[in-house]
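Heads up: the structure comes next, in C-alpha cells.
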Amino acid sequence: MTDLLAWVDDIARLARPDRVHWVSGSEEEHEELLRVLVAEGKLEKLDPVLRPDSYLARSHPGDVARTEARTIIASAREEDAGPTNNWADPEEMRALRDSLLDGAMRGRTLYVVPFSLGAVGGKDSRIGVQITDSAYAVVSIGVMTRVGAPVLREISDGAAWVRTVHSVGAPLEPGQEDTAWPCHEEKHIIHFPETLEVFSYGSGYGGNAILAKKCVALRLASVMARDEGWLAEHMLLIRLVSPQGRRYHVAAAFPSACGKTNLAMLRPTLPGWRVETLGDDIVWMRPGADGRMHAMNPEAGFFGVAPGTGPATNASAIETLWGRTIFTNVARTPEGDVWWEGLTDTPPERLVDWQGRDWTPSSGRPAAHPNSRFTVSAAQCPQIAEDWEDPDGVPLDLILFGGRRAAHVPLVVEARDWAHGVFLGATIASERTAAAEGTVGEVRREPFAMLPFCGYHLGDYLAHWLLMGRRMYTDAAPRIYQVNWFRRGEDGRFLWPGFGENIRVLDWIIGRLEGRAGAQDSPLGALPRPEDLDLTGLDLPPEDLEELLAVDPAAWQAEAEGIGAFLETFGDRLPAELGEELASLRARLAAAEAPVRPDRP
Ligand code: OXD
Ligand code: MN
C-alpha cells in the first residue's frame, strides 16, 4: 500500500492536478461522475423512457479509434518486441513520459482507479491501478472491470498490481473553458513489459483510455502469461448446450469485423441448442492439473461496435442495450434515443450525427461513426451464463479460428492435432473491408487475431502456444477448428447465411467431438461432406454447399506461398513445428491432383 501511495504522490507531483480522487467503486460515485460529465457537457443524457440511465458521448473527430501506429512496446531489447510491434527504447520512453506528464493534469482531477481483471480475489485474477484525468475513462473502466475499495483491500493485503497512467494531455489554464472531449493531437500508448507498466497520453478513446482492456488484459497479460505458463487471448467465450443437455465450452478468435460479438451472443436456429455468453473479447486460459485447458473472461462488460448490430444480426446485444449504457459516437434521434447504421433497415428521417450535426438520409455520410461503441455491463446480456463470474472459469472443449475470406477457405476445417491447430491460428487471414485502411479485398495475416495485441515477439508467442499443448493430456486438450462464414460466389453473394445458422457448423463440430459426425479428408484437414451438416429447413442450393466445402489445390498452392512468406518474417524465432506444418500442407496439396470436391450423397 505504501508503494501505491508513493506512486500516486509521484505522479500527482509531476502532473499537478487540482484534486486527487480515489475511486471507491460505489453506485453513488458512479452516478455522481455521470452527473458531473453531463453538467460539463461531456455526456448527453438520453431520454429516460426510451433509453433509461443511458448517455451519449461525442468524441473529437481525430480521436475515434485505437491508434496502432502510436502503440509502442518498450521492451529492454528491441528483438523481444518482434517484427509486428512498434518498439522504442524504454529509457527514452520514460523520459518522454515524464516530459509529457509535466503539468499535464493542471486544472483537472486526478482519479485513482484500482481495478481487477477477473473476480476480485480470484486465483487467476489480476489487479491494476489506473491513474487518469478523464472522468469518462473512470465510468467506462467501472463498467468494463471491477473497481474500487475491494480491489484496494487486495492491494493492502499485499497483492501484486500493475501501474497504468493515462492523461488526455489537455491541461486547463485558470479560467480556460473545457471542451466536450479533451484530447491531444499527439498520442502515445506505451507499454513497458519488463516492469508491467502502461503510459497512455493524448487520447480519450476506449482502447487507448480504458487501459485495463487491450493494454493490460492483452498486451501486458500476454507477457505475464508467457512467463507464467498460461495464455491471454483476443477471443470470445461461450457455453454451447446441446439438445441432450451436454455442455461444451468454446473460445474463438476472429480479427475485427468478423462477427465475434454476434457469435458470442448466438441464437441458434437448430431446435434444442442454446448458447450462453461468457465473454466477447478477451479470454485468459491456463492448463490445469486435470490436463485440460481452463478459460475465463477477465472483463465485466462489453465495449462493442454499434454499427451492424440490429435485431436480425444480434437480438441479444440489442436487448442488452435496453438502458444503463454509455454510447460513444452513435447518432441521436430527435426523441433522445440512439441510432446507427444497421439498427433498423430504414433510417429515421432526421438525426443528429456523431459529430452533432443535423443529418438526413440524403446527407451522403454515415450518421454514426463506423467505430462507434456501446459500453455496457455483461450482466445485462439476456443470455449471459449464470456462472460467468466464477473465478474458476470453465474447462475448454473447443477453439475456433476464423477470418473473412471470400475465396478458397472452406466453411469449416478440423485440425489434425494441436500443432496443426496452432498452424491454423498462426495463419488466420482476413480481407480488409471498405471501412478499414488499405486496399479492399487485400488479405492481411492476423495470427490468432492478436496482431495489435501481443506484447512480445510473435514467433515466441507461437512457440508458447505449442508449449501449452504439451501441458495438457492429448485427449483432454481443446480440439481446434478453422471456420469461414464469409465465402462468396462468383456473383459476389455470401454463400453461407451466417448468424444464427452458424449453429449448423457448431453442431457438426460437436458431432465430431461426440464421434457421431462423418467427414472427408482434404489437404487442409477434415471437412464435412454435404450430408454431414444438418441443413434442415435451410434453403441452400446444392452448388453453393459444394463451393463452401471445396478445396482447390492450385489456389491453395498460392495460399501456401503467402503463408510461407509471412512465416519467414519471424526468422529464427519461428518454431520448427510450424515450418513442418507448412511443408506437410504443401506435400498434401501436391498429392491432390484435381480440386477436392465433396462426394455427392
Ligand atoms: C476492440 C478491438 O475494441 O478489437 O475490441 O479493437
Ligand atoms: Mn477486440
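Whatever order the structure lists them in is the order used to number ligands and atoms, beginning at 1.
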(message) The criterion is salt bridge (Lys or Arg N to Asp or Glu O under 4.0 Å); which residues satisfy it with Arg97, sequence neighbours excluded?
(response) Glu197
(request) For a side chain to side chain contact (heavy atoms under 4.5 Å, CB included) with Ile73, tell me which candidate from Asn85, Asn86, Ile190 qualifies. (result) Asn85
(message) Looking only at the aromatic ring of each residue, does the gap between the centers of Trp465 and Phe448 stay below 6.0 angstrom?
(response) yes
(request) Verify whether one side chain among Trp340 and Thr309 offers a donor that lies under 3.5 Å from an acceptor in the other. (result) no
(request) With the Mn ion (ligand 2) as the centre, enumerate protein N/O/S atoms below 2.8 Å in chain and residue order. (result) Lys214 NZ, His234 NE2, Asp281 OD1
(message) Applying salt bridge (Lys or Arg N to Asp or Glu O under 4.0 Å), can you list everything that pairs with Lys42, at least two apart in sequence or on another chain?
(response) Glu40, Asp178
(request) Hey, could you give me the CZ/CG distance between Arg226 and Leu231, rounded to the nearest 0.5 Å? (result) 12.5 Å
(message) Given Tyr205, which partner from the list Asn329, Asn371, Thr67 fulfils the side chain to side chain donor-acceptor pair (under 3.5 Å) test?
(response) Asn371
(message) Give the residues near ligand 1 by chain and number, with the criterion being a heavy-atom distance under 4.0 Å.
(response) Arg66, Lys214, His234, Asp281, Arg373, Phe453
(message) Minimum heavy-atom separation for His30 and Val139, please, with both atom names.
(response) CE1-O, 3.6 Å
(request) Answer with yes or no whether the side chains of Arg286 and His294 bring together a donor and an acceptor at under 3.5 Å. (result) no
